[in-house]
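Since the structure comes first, as structure tokens, the remarks are kept for the end.
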2 protein chains.
Amino acid sequence: MPEPALELLKGTLDLLILRTLELRPMHGSAIAERISQVTHGAFQVKAGSLFPALHRLEQEGWIEGEWRESKEGRRVRSYTLTRDGRRQLAVEKKTWARIVQATNALLESA
Amino acid sequence: MPEPALELLKGTLDLLILRTLELRPMHGSAIAERISQVTHGAFQVKAGSLFPALHRLEQEGWIEGEWRESKEGRRVRSYTLTRDGRRQLAVEKKTWARIVQATNALLESA
DNA sequence: CGGCGTTATATAGAATATCTATATTGGACT
DNA sequence: AGTCCAATATAGATATTCTATATAACGCCG
């Protein structure tokens, strides 16, 4: 049986979204789908978390949204990582690395 | 200069506390001090986070507190990991490993 | 002895982020 | 037209950490 999806650690969603948009511009639902695929279902970002987060990131100037027509003819809001967003992503990657390192130090300490 | 302390990701404090008590019984302030030392100051658990968390963990039956006299003659509440606490610690270790794995998958994906 | 600083614990209230549940829109398909 | 689904939106609930403040008890020092 597949492992159940995990609750996101509060504070990690920005990193997941920014990192996904680093690859290419994408609309909200596609971001969520890709996160689920790459993590083999471990992270399933809920719509009620995703869209407010996208609005927040856009407010911060880290992503830029634009209404488009998807291939299937749907109205979607496509998001692009901005220059500031790349900078922020770098910061969050470093922070994440420090968190993992510190936590592992604790888990492995004698 | 030393790196600044990190904000804790919400949801990780239980793991840090339970893991620390796995080594030996300890009182609250000693737990915080050890976490800070082992992580080289990356995690500095605030008193306002620590003590409510200890109460919560005791409510859950994962740790057991007992008033004692410390060597310095201070009144401290010493906490011991219970059997259920060990089980919970194992669960949280696995969850943490899955979170790290999933996040790394995302960060390293092409 | 009395004041002062320090350690240990406690707790209320603020801030923040995610989740649940519900709503709206527009297109496709019958 | 009616139904279904994908995509986006948002209000309210929940949970956890942080800030700020408080109390108690001990040691130190003038």
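The figures here come from the full heavy-atom set of this structure, side chains too, leaving out hydrogens, waters and symmetry mates. To find a chain, count down the sequence lines: A is the first, B the second, and so on, and within it residues start at 1.
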In whole angstrom, what separates [X]'s [atom1] from [N]'s [atom2]?
X        : N       : atom1 : atom2 : answer
Arg74(B) : dT6(C)  : CZ    : C1'   : 6 Å
Phe51(B) : dT7(C)  : CZ    : P     : 13 Å
Trp67(A) : dT24(C) : CH2   : P     : 16 Å
Glu33(B) : dA8(C)  : CD    : P     : 7 Å

* Nearest heavy-atom neighbours spanning Val100(A) and Trp96(B) -> CA-CZ2, 4.2 Å
Nucleotide of [options] approaching [X] most closely (side-chain heavy atoms):
X        : options                   : result
Glu7(A)  : dC19(C), dA7(D), dA8(C)   : dC19(C)
His55(A) : dA6(D), dA10(C), dA9(D)   : dA9(D)
Arg56(A) : dG26(C), dA17(C), dA9(D)  : dA17(C)
Lys10(A) : dT16(C), dC18(D), dA17(C) : dA17(C)
Leu8(A)  : dT17(D), dT18(C), dA7(D)  : dT18(C)

* At under 4.0 Å between heavy atoms, what does Leu54(A) touch on the DNA or RNA strands: base, sugar-phosphate, or nothing? -> nothing
* Hey, which sits more toward the 5' end of DNA chain D by its nearest nucleotide, Thr12(B) or Ser78(A)? => Ser78(A)
* dC18(D) phosphate, OP1 or OP2, under 4.0 Å from Ser49(B) side-chain N/O -> yes
* May I ask you to verify if any side-chain N or O of Ser29(A) is less than 4.0 angstrom from the OP1 or OP2 atom of dT8(D)? => yes
* DNA chain C: 5'-proximal contact among Lys46(A) and Arg75(B) (nearest heavy atom) -> Arg75(B)
